[in-house]
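Below: the structure, in structure tokens.
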Amino acid sequence: QVQLVESGGGLVQAGGSLRVSCAASGRTFSACAMGWFRQAPGKEREFVAAISRNGGSTSYADSVKGRFTISRDNAKNTVYLQMNGLKPDDTAVYYCAADFQPSPIFVLTTVSEYHYWGQGTQVTVSS
């Protein structure tokens, strides 16, 4: 069982930056591949970024590539999403996700691959 708690959301102007964090409970964080997803009102939850267990592999949605960076600190049981160059279209609830992954290098990029989810944190980008 993994419990996830996101933090760091808020209101920012277009072009600004924000970092959201996700703290995981338990001693199993290093055994989990991690991901960030987002969901805007009236839209489906969509993939944003993912990172492998060892942090050596990452994947990004085309819409955020070059602007967002995912990272993890296994000693702190925390995964981060640094968001730069924010746009109004980035406005959404951002969710952290985790799932156990035997391989240390694989990333998981779809909603159905993750069994554990946080409660979400709101990110609002004003124009």
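In this chain, residues are counted from 1 in sequence order.
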Which pairs pass side chain to side chain donor-acceptor pair (under 3.5 Å) with one or both residues in residues 45-55, sequence neighbours excluded?
R38-E46, Q39-R45, S52-N54
Nearest 0.5 angstrom please: N77 CG to S30 OG, how far?
7.5 Å
Output all residues satisfying salt bridge (charged side-chain N to carboxylate O under 4.0 Å, His left out) with K43, sequence neighbours left out; order by chain, then residue number.
none
Find the distance between SG (C32) and CG (L108) and round it off to the nearest 0.5 Å.
9.5 Å
Does any N or O in the side chain of T91 come within less than 3.5 Å of the main-chain N or O of T124, such that one atom is a donor and the other an acceptor?
no
Can you confirm whether T121 sits close enough to S7 that some side-chain heavy atom of one is under 4.5 Å from a side-chain heavy atom of the other?
no
Quick one: do W36 and Y60 end up in the same hydrophobic cluster if we chain Ile, Leu, Val, Met, Phe, Trp and Tyr together by side-chain heavy atoms under 4.5 Å apart?
yes
Report yes or no: does S63 contribute a side-chain atom to a donor-acceptor pair with the main-chain N or O of A61 at less than 3.5 Å?
no
Work out which heavy atom in S71 is nearest to a heavy atom in I51; give both atom names and the distance.
CA-CD1, 3.7 Å
Working to the nearest 0.5 angstrom, can you tell me the gap between D73 CG and S21 OG?
10.5 Å
Under the criterion side-chain contact (heavy atoms from CB on, under 4.5 Å), I'd like the reasoning laid out for L81 against R19: C-alpha separation, chi angles, the key distance, then a yes or no.
CA-CA 6 Å; L81 185 68; R19 188 178 80 162; over 6 Å; no
Exercise: identify the closest heavy-atom pair between F68 and V48
CD2-CG1, 3.7 Å
Least distance between heavy atoms, Y95 atom then E6 atom:
CA-OE2, 3.4 Å
List the steps and the verdict of side-chain contact (heavy atoms from CB on, under 4.5 Å) for T28 and V2.
CA-CA 7 Å; T28 56; V2 180; 3.7 Å; yes
Who pairs with F37 by ring-ring contact (aromatic ring centres under 6.0 Å, His included), at least two apart in sequence or on another chain?
F47, Y114, W117
N84 versus S17, side-chain donor and acceptor atoms under 3.5 Å
yes
Identify the two heavy atoms, one from V93 and one from G120, that lie closest to each other, and give their separation to 0.1 Å.
CG1-CA, 3.8 Å
Lys/Arg cation over aromatic F29: R72, 6.0 Å, 45° cone:
yes
Return the minimal non-hydrogen interatomic distance between C22 and M34, and the atom names on each side.
SG-CE, 4.5 Å
Report yes if the side chains of D90 and R67 come closer than 4.5 Å at any heavy-atom pair, otherwise no.
yes
Could D62 and K65 be called an ion pair, given the rule that one side-chain N must be under 4.0 Å from one carboxylate O?
yes
For F100 and Y116, take the angle between the two ring planes, folded into 0 to 90°, and tell me which bin it lands in: parallel under 30, tilted 30 to 60, perpendicular over 60.
perpendicular
Residue pair L4 / C96: nearest heavy atoms and the distance that separates them:
CD1-O, 3.7 Å
Could you please spell out the steps behind the side-chain contact (heavy atoms from CB on, under 4.5 Å) verdict for Y80 and V20?
CA-CA 6 Å; Y80 306 96; V20 291; over 6 Å; no
If only atom types and distance count, is the side chain of S25 paired as donor or acceptor with the main-chain N or O of Q3 below 3.5 Å?
yes
